[in-house]
Structures are given as C-alpha cells and as structure tokens.
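Below: the structure, in structure tokens.
Per chain, numbering begins at 1; letters A, B, ... match sequence-line order.
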Amino acid sequence: MDDQPARYDPAEAEPRWQAAWETRGCFRAGDNAARPKYYVLEMFPYPSGRIHMGHVRNYTMGDVVARYKRARGFSVLHPMGWDAFGLPAENAARDRRVSPAEWTYSNIAAMRGQLKAMGLSLDWARELATCDASYYVHEQRMFLDMLDHDLAYRKEAAVNWDPVDQTVLANEQVIDGRGWRSGAAVEQRQLTQWFFRITAFAEDLLRSLDTLDRWPEKVRLMQKNWIGRSEGLRVRFDLVESDGTLWPEPLEIYTTRGDTLFGASFCAVAPDHPLAATAAARDPAIAAFVEECRRAGTSVATLETAEKKGVETGLSAVHPFVPGRMLPVYVANFILMEYGTGAIFGCPAHDQRDLDFARKYGLPVRLVVAPRDMTPEAMSVGDEAFTEDGVLIHSDFLDGLEVETAKEAVAARLEAQGRGERMVNYRLRDWGVSRQRYWGCPIPVIHCEACGVVPVPRADLPVRLPDDVRFDRPGNPLDHHPTWKHVACPQCSAPARRETDTFDTFVDSSWYFARFCSPHAADQPVERAAADRWMPVDQYIGGVEHAILHLLYSRFFTRAMRQIGYVGLDEPFAGLFTQGMVIHETYRDANGQWLYPEQVATRDGRPVHGDSGAPVTIGPAEKMSKSRCNVVDPEAIIAQYGADTARWFMLADTPPERDSEWTAAGVEGAWRFVQRVWRLIHEVADALPPAGAAGSSTDAGGASLALRQAAHRAIAAVTEDIEAFRFNRGVARIHELVNAIGAAQGAMDGQPAPAVLREALETLVLLIGPLMPHLAEEAWAALGHATLVAETAWPAADPTLVQSGEITIAVQVNGKRRAEVTVPRDAAQGALEQAALALDPVRRAMEGRPARKVIVVPNRIVNVVV
RNA sequence: GCGAGAGUGGCGGAAUGGUAGACGCGACGGCCUCAAAAGCCGUUGUCCGCAAGGGCAUGCCGGUUCGAGUCCGGCCUCUCGCACCA
C-alpha cells in the first residue's frame, strides 16, 4: 500500500483556480451602483521582461486589499497596465536589432503570464499599455487641451542635458548633478522646450497636502519641501556706474530677510543673469568667470566643495534706505538663476554664505540683529553668521523691533516707496516634458516657417510613431528619419516640420489611473461618468522612490484634467501606501567575485561555494540587483513552491513599509505552513458535518467554547490588521488560529463538537482567502463547498466570543510583577484588590508592610504600593 | 548643514502608559524511521540557584508616573530625503 502522506500540489491546483476565477469573471469591476466602490491600484510596471521580487511584494499587498474589499461587499476596481515607453526599449533595439515595439510587446506578454501565475485578482479586460496609439492618442488630445488652457507652453531655457542618453532631463531627474538613469554628469544647454505649467498650481498642490490624511507623513513632507514655498520681498535697487551714471534698469533681488536690509554690504547676481551677460560683454574677465561657472556648475564635486567666488561688475547698487551707501554688485557662483530673481543683496552678519563671500573679498560685516539677552557691544561676528531671531540694531527705523515685525515694517515702507513688494516664491519650477527620444509619445505640433508652432488638428490624431527607424547613431531617431518629420502645415499647407521631441514618460504615468476608469473610451481620454464613479483611487500602493516625481505630476495632471473637464476632483489618490524594498544577502568568493544565492552552500556551518567548496563571504542584505547577483527570480520560486507560498512569505516576514529580507529558510517556512493548513483540513474534512452546518453548535463544552473564541478573535484581529496594512500581524493571528485548531484536535480533555470544528476551519479558510487565494479555494472545496472563496463574504466576528468571561491580570508590588490572578471579566475593584492581596507571592513581596495604596485598573492590572 | 524615521532575544518582529519578547525563523533535546525526508512533542532573553525562587534586561543619561519599550529633556548610532533656495 502506497501510504505516502498526500501533499498539496500548487503546480496543479493554482492554474485550476485561476481558470475558475476567470471563467466566473470574479474580478471584473462591477458597475453595480448598489455596492460602494473601491479602487485599489498598484503602481504599474515598466515592461522590462520579467517581474522581480519588488513586483511580487507590491502586487501581493494590493491583491490582499482588493480581495478583502470584495469580500466586504465593495465593488472593486483593480486594474493592471504597462508603463511601456522609455529608453531601455531603444537600447534593446540598438543592441539586439529588434524594434522597440516588438521588444516591449513581447516583454509585456511574458510579464502578463508571470503576473497571472501569481493569482492576482485583476480585471484584465482593462489592461492598457502607454505605448499603444489607443492610449497615447488621448495623451496628445490632452496636450492640445492643455495648450488651450494655457497649461502647456514653449520657451527657451537652460536645460539639463544628459550627454550619455542624449536627452533633456527634468530637474527632478537630476540627482546630485547626474542623470537619474545614465548616471552621467549633466550639462547645461539652451534649448527650446515644452513645459507644463505645474507652478500654476504650486499653492494648491502645497495646501492640499494637508487634506491627504491617508498619505504617509513622510511623503507629504517631501512634497512640501520640493514645492518649497517661502515668503519674502522683491526689492529694486537703482544701479549706477563707477562714474555715477544711472543704469537704465534697476536690479531686482529676492530676499526672505528684508529685516536685515540695513546690514547689506553687497549685491550679487547669478552667472546666467542678464546683467551678468551685459557685464560680460564689456569685460573679458567677467566673461571668463561666467564661462567657468557654467562648466563647473554641473560637476558634482565642485558643487559640494565650491568656494564662494565672484567678480565685480563695476556697477554699484544704491541702498534704498541709505542713499549714500553704495553696494558693489558682483557676479557670484553661489547665486541660482532659477530661484527668486537670480539676484540677492548680501548681509554677511546674518547669512553664512554672504559671510564667507564678504570675508574673502574684504566687504563690511554690519551687525543688525542681536540676541535679546545680549548688548550690541558684546556681539561680534567671527566666522559664523548669526542667523537666529533677535532684536534689530543699527537699523534706523527698525531699531528695537523683533525680526518678524521688522520684516513687516521694511515691506510696508518699500511698497509705499514703490521700490519693492511682498512676494511668495516657490522652489518648484515648471515641468519640462520634451525628450529627444524615439520611444515615447510624439508631441502633436508642427513647426511652420510662416505660421509658427501649429497644433496638429484633432482630426489628424494620433500622431503615430513610425516603425521603420534606425538606432545606429546617437541622438533622436525621429529626427533622423528620412520622411516622418516632413509634413504640410495644417494652416497654410506649406512644407513644414513635425516636432520630433516626445514626451517625458512621466507624462504617460500621470493620468493612467484615470484612464483605467474607462479604458476603451475611443473619443476621449476619460469618460466623465466612469471617472465620477471610480475616482479617486482609494488605495494606491508603490515604492517610496516615487514620492516626489510621479505623485506630484499625477496631482498636477488631475488638476489640469479637472480644469479641462475630464474629472471632477483634484486629488487622484485618497490613500497612499509606500512599501519597502525586497533585499537579500550578498555573497562573494575569495577573489571578491559576486555569487548568486544558488551558488552558495553551507558546509559545517560555513558558507562555501557549492561547486568548489571554497569559502564564501556573506555581505549585508541589500536591494536586489543583478550587478550584485543577490537576486531571486519570482518565476523560479513560483515554479518550486507556488504563488501562495511566495505571497505568504512576503506578507508574513516584515511590516510592509519596511525593507524585507528574502531568505531561503523563510520561504521554506511559508511552504511548510501551506502544507500544514492543507493537512489540517484534509485530515478531518470527511468527518465533519456537511457544509452549511457550521457554527450551529449548542454544545457549551470547554473545548468547543475555546475553539469558537479562538476563531472569532482571529476574525476580529485579522480584519483590523488588514484594514491597517499590518499584514505581518494578521499572519501571526492566523498562525494562532491554526495552533488553536491543532491543540483542540489533540486535546485529551474533550474534543470540540464537529460543527464547531467546521466553523473554525471555515473561518481559517476565509481569513486566508485574500492572502493565499489558491490554497483557500482548494480547502474550501475540500470542506464540501461548491462556491468560490472569491465570491464568499468576509466572516463576521461575534463580539460575545471575542471577549472571554475570565481574564488573567498581573499583580504588581511597587511596580514589579509578582503574581497573576484569574478573575471574572469586569470584576469589582474591591474583589480584585482582595484577591491580589491574598496571593502568596504578593504577601512575600510586601514583607509584612501594610499596603499604602492599591491601584486597581479593571481588567488590566493591580499594583500594590507599600 | 536642514528635515524625517528607526534603535527590543541568535534573526524577522509583537506589545490602547498596565504581565516585554505574541507569531515566525533558526538552534537544541526527544518521538517516529533500518536510515533519511516529512511530521509530531518539548526547550530556547540573560545571570545566580539542585530547586523553590530571585536579580538584570527594550541604544546611553536623566525626568514625569503607583507603573515607561511607549510620555518629556539631553546625548549616541544607523537609515532615508533635501541640500549654495537668499
């Protein structure tokens, strides 16, 4: 007799249940208006070709939420798509001679299969890819809408040029002076570019952050800092030449410290300020300095260590309140043209940069703010500027005022004189969206010699990408294409030139969540009724690396879409969860070569190379990356253990917002748990009363009561944990239920009633449903159900069973725990006190002293103070 | 430099101001087996003690409280974000 213990075989069962869900259409987003809607979305992937563990973690979490909400009676929208434009496709085309489209679509097919193998409850009928003309045609439409609404415009600007990727980068894509993808040192170039007017919403984007109470505080803060609002003053200084001639234009500066105006000892402008250009034109020394700044300004090392440097323009600024005081005007390397007005006045005593500069060039340091508790005479400025609050001194009409009051007074007087005004300044700048790349959404405009920039007529959309492009030389293949860009001007029919720039791919991902509401709408990007039904996204889940770029752009786009009329709200994501990364140990051999996890074995407790037996050094867990070889392929894990095991491990291991370390032992543990649950149910399934008889127990026996309590406590706890995104804790509660069921079955002092056992097992299966959906279905069927867990309601906890009649509380003497006592729930304080004082360990600890005080917290603790 | 977050067993981690270490991993001992795998039972913060029992323990120092991992003040360390922003 072959009595091998039967095992759950996910390779056989998982595809079977995936097919069952698909046949039943379980995950189609229903338009049943009777049910409340819930839109759960995970950040859609770039189709690189294979999913990685980060995807597994991200999509598992989203799937738990989607399945749970469905079970709670919500009509759930849970879609998936592909962020499919981007440079890797062009690189693949260049290196492997496949077309970017071919490469991308075959990657999508492969990854779709992998995601399906995970058993995600997605509505695949809504799948979209941003590289489909059926998607980007609407992006082009929206761009024309944005032109109409003055939310898109063209200007020449100094842009960040990535010399390796040969493209322009947004400020957000420059990290420490380097391109976010290529890592190349970014250069400054003057180019005419398309911009989105994100600054039009700066104030609103900032203020509305306060309403996003289901976003992580950290992300809101990062966006707040990125928008960078500051209140200050714009001040115009008259300029005079060395011979006293008045310069035609005053110099406009920006400051947040108007109160220190009497401490001014110089002015400075950015190297790319118009005044610097004018000065450079007549003085080669200045021209040389400006050129030097332009070159140095892009290199990381110099940015961080650069010493404050400048050259005099030969002009002087007249102090607005002290007519006789002339301030030399410099071109200085630490002034940024992009911030404020690109010009400042320097007050060395109260600004560290100004002080460094003044010391270098021997400029006066005038103290105008003193701490409240110090006499002005005692103050001196060494190498450190005084930047704290205090009282104004040596400042004429400001003397004796607090800093804040002084700012007001200065602003009022300048405004009265017409020399300046209050001004709110933002660090945020308009979003440059032009990219000199092929594999992106073409910007639908035509350049005509006579008519200028002409939008492509809507009837002519989409502007499709040509298929026959070559990647054999650097630069934009669209620009090199022999015919594509040559078109007739829509207005005058004269020969004209197509815009060959494409959109930044962040544009594609800034509105896909809205498109999912009506993914097949042909005439418009978003059907208003569908958007009104589904938006906002109730729960958005993704990596914190998108805390600024993608999320800010999406918030901007939603505002733009509202202005145009596509949607009726400003904030696209009501709830946001940022998950941690998946990390893994690293391994190196004696030569420092990285090794893959599967190359490493353990012999005599030491890590060695599996083949050679040579010793291996284990490094700390880091983000999974191919270059370090510390990657684990989800497909291999799913093939070996099944999707449920991978999902369970991801959920069980670590709180979802933290980095999670993938370990072989952990996966084995998850696998054993899968088998344990399956066995638990199979061993008793035949002996149970039929399905439908659960919970009908009138048996008040101890074992039955205890098991019912365990089950209902698990329901209450797991429900709470899933709602709060504490999946690891929910997993622990499910373990406890499994332990309780096992203990009840093995108990010597009376078995639980079969109906109670059935109820406990069914509860277990339903609680597992969102986490390990295939195993849940398999177990549900084994318990005799013909229905699907995916279509079964979430269990409800009976409050009378969640609390027990007796509780055990601790008894302390002078704050130290000495004993515990079991009493009826809600026992009277007096009874508790008496019971506690009667305990042996308590009396021993009291050493015969009388209780001075007894603190009784009902159902919590008793503390005897002696 | 500015801002935010985090420091708890061998490890991942639990703990509305109320029994610190739930749950899992690992480890150790045992059962089953010819043997193994799988499974099952038990032990597992640390120190003293044969035991009963007791001492010490949540990065460090202080404070509030009957009671602090949790609150307050001051340090240390690590992680992340921003960074010449006037």
- Distance between C1' atoms of B/C75 and B/G21 (Å, rounded): 27 Å
- Message: Regarding A/R257, tell me which of base, sugar-phosphate or nothing describes its non-hydrogen contacts under 4.0 Å with the strands shown.
- Response: sugar-phosphate
- Query: With rounding to whole Å, what would you report as the distance between B/C25 and B/U44 at their C1' atoms?
  - Reply: 13 Å
- Quickly, which of A/Y641, A/W648, A/Y8 forms a ring pair (Phe, Tyr, Trp, His ring centres under 6.0 Å) with A/F673? Name it, please. A/W648
- What nucleotide, of B/A86, B/A22, B/G55, holds the atom closest to the side chain of A/K816? B/G55
- Angle class for the A/H546/A/H550 ring planes (parallel below 30°, perpendicular above 60°, tilted otherwise)? perpendicular
- May I ask you to say what A/L221 touches in the nucleic acid, namely base, sugar-phosphate or nothing, with a heavy-atom cut-off under 4.0 Å? sugar-phosphate
- Would you indicate what A/T808 reaches in the nucleic acid, counting non-hydrogen atoms under 4.0 angstrom: base, sugar-phosphate, or nothing? base
- Query: Rounded to whole angstrom units, what separation is found between the CH2 atom of A/W671 and the C1' atom of B/G26?
  - Reply: 21 Å
- Item | B/U79 base / A/R658 side chain donor-acceptor hit below 3.5 Å | no
- Task: For nucleotides B/A83 and B/A4, find the distance between their C1' atoms and express it as a whole number of Å.
- Result: 14 Å
- Note on the structure: Rounded to the nearest 0.5 Å, the CD1 atom of A/I722 sits from the CZ atom of A/R733 at a distance of 13.0 Å
- For B/G18 versus B/G9, give the span between their C1' atoms, rounded off to a whole number of Å. 23 Å
- For RNA chain B, whose closest nucleotide is more 5', that of A/E657 or that of A/S230? A/E657
- Rounded distance (Å) that lies between atom P of B/A83 and atom CE of A/M222: 10 Å
- Message: By the rule that syn is within 90° of 0, classify the base conformation of B/G9 as syn or anti.
- Response: syn
- Message: Heavy atoms only, 4.0 Å cut-off, all strands: where does A/R818 land among base, sugar-phosphate and nothing?
- Response: sugar-phosphate
- Task: With the side chain of A/D351 defined as its heavy atoms from C-beta on, choose the nearest nucleotide among B/C66, B/G3, B/A86.
- Result: B/A86
- Message: Over 60° means perpendicular and under 30° means parallel, so tell me whether A/F237 and A/F345 are parallel, tilted or perpendicular.
- Response: tilted
- Is there a donor on the side chain of A/R672 or the base of B/A38 sitting less than 3.5 Å from an acceptor on the other? no
- Query: Is the CD atom of A/E231 crowded by more than 12 outside heavy atoms at less than 6.0 Å?
  - Reply: no
- Per nearest nucleotide of RNA chain B, the residue lying toward the 5' end, A/A819 or A/P655, is A/P655
- Opposite nucleotide pairing with B/C82, Watson-Crick or G-U, both atom distances under 3.5 Å: B/G1
- For A/N863, report the nucleic acid contact type (base, sugar-phosphate, nothing); a contact means any heavy atom under 4.0 Å. base
- Among B/G12, B/A22, B/C40, which is the nearest nucleotide to the side chain of A/R679? B/C40
- Task: Using only side-chain N and O atoms of A/R353, determine if any of them is under 4.0 Å from OP1 or OP2 of B/C85.
- Result: yes
- Rounded to whole angstrom units, what separation is found between the CD atom of A/E668 and the C1' atom of B/A37? 12 Å
- Task: Please measure how far the C1' atom in B/G10 lies from the corresponding atom in B/U19, and state the result in whole Å.
- Result: 25 Å
- Query: If you take atom types as modelled and just measure distance, does the side chain of A/K218 reach the base of B/C80 with a donor-acceptor pair under 3.5 Å?
  - Reply: no
- Task: Could you check how far CD of A/E338 sits from P of B/A83, rounded to whole Å?
- Result: 12 Å
- Atom CZ of A/F649 and atom P of B/G26 are separated, to the nearest Å, by 11 Å
- OP1 or OP2 of B/A86 under 4.0 Å from side-chain N/O of A/Y254: no
- Query: A/Q812 near the nucleic acid: base, sugar-phosphate alone, or nothing, with a heavy-atom cut-off under 4.0 Å?
  - Reply: base
- Assign A/I335 to base, sugar-phosphate, or nothing according to its heavy-atom contacts below 4.0 angstrom with the strands shown. base
- Task: Pick base, sugar-phosphate or nothing for A/P841, based on heavy-atom distances below 4.0 Å to the nucleic acid.
- Result: nothing
- Message: Distance check, P atoms only: B/C11 and B/A22, in whole angstrom units.
- Response: 15 Å
- Query: Can the ring centres of A/F649 and A/W671 be said to be less than 6.0 Å apart?
  - Reply: no
- Task: State whether A/K623 places a side-chain N or O below 4.0 Å from either non-bridging phosphate oxygen (OP1 or OP2) of B/C80.
- Result: no
- Identify which nucleotide among B/G18, B/G12, B/U19 has an atom closest to any side-chain atom of A/T654, counting heavy atoms from C-beta outward. B/G12
- Task: Return the value, rounded to whole Å, for the distance between atom CD1 of A/I855 and atom P of B/G17.
- Result: 18 Å
- Query: Nearest-Å distance, CG (A/N225) to P (B/G3)?
  - Reply: 10 Å
- Query: For A/W226, is the NZ or CZ atom of A/R427 found under 6.0 angstrom from the centre of its six-membered ring and inside 45 degrees of the ring axis?
  - Reply: yes
- Task: Look through every strand shown and name the nucleotide pairing with B/C23 as Watson-Crick or G-U wobble, where both distances are under 3.5 Å.
- Result: B/G12
- Check every strand shown and say whether A/V865 touches a base, only sugar-phosphate, or nothing at a heavy-atom separation below 4.0 Å. sugar-phosphate
- Item | Separation between the C1' atoms of B/U79 and B/G17, rounded to whole Å | 28 Å
- Nucleotide of B/A83, B/A20, B/C40 approaching A/R676 most closely (side-chain heavy atoms): B/C40
- Could you tell me which nucleotide pairs with B/G29 by Watson-Crick or G-U wobble geometry, both distances under 3.5 Å, or answer none if nothing does? B/C41
- Which of parallel (below 30°), tilted (30 to 60°) and perpendicular (above 60°) describes A/F725 and A/F727? tilted
- Item | Any A/N739 side-chain nitrogen or oxygen under 4.0 Å from OP1 or OP2 of B/G24 | yes
- Say whether A/Y361 and A/S265, considering side chains only, have a donor N or O and an acceptor N or O under 3.5 Å apart. no
- Message: Taking pairing as Watson-Crick or G-U wobble with both contacts under 3.5 Å, can you name the mate of B/C66, or confirm there isn't one?
- Response: B/G18
- Message: In whole Å, I'd like the distance from the CD atom of A/E683 to the P atom of B/G39.
- Response: 12 Å
- Between B/A68 and B/G55, how far apart are the P atoms? Round to whole Å, please. 15 Å
- Item | Distance test, side-chain N/O of A/N425 to OP1/OP2 of B/C85, below 4.0 Å | no
- Message: Tell me which nucleotide, if any, is Watson-Crick or G-U wobble paired with B/G53 when both distances must be under 3.5 Å.
- Response: B/C48
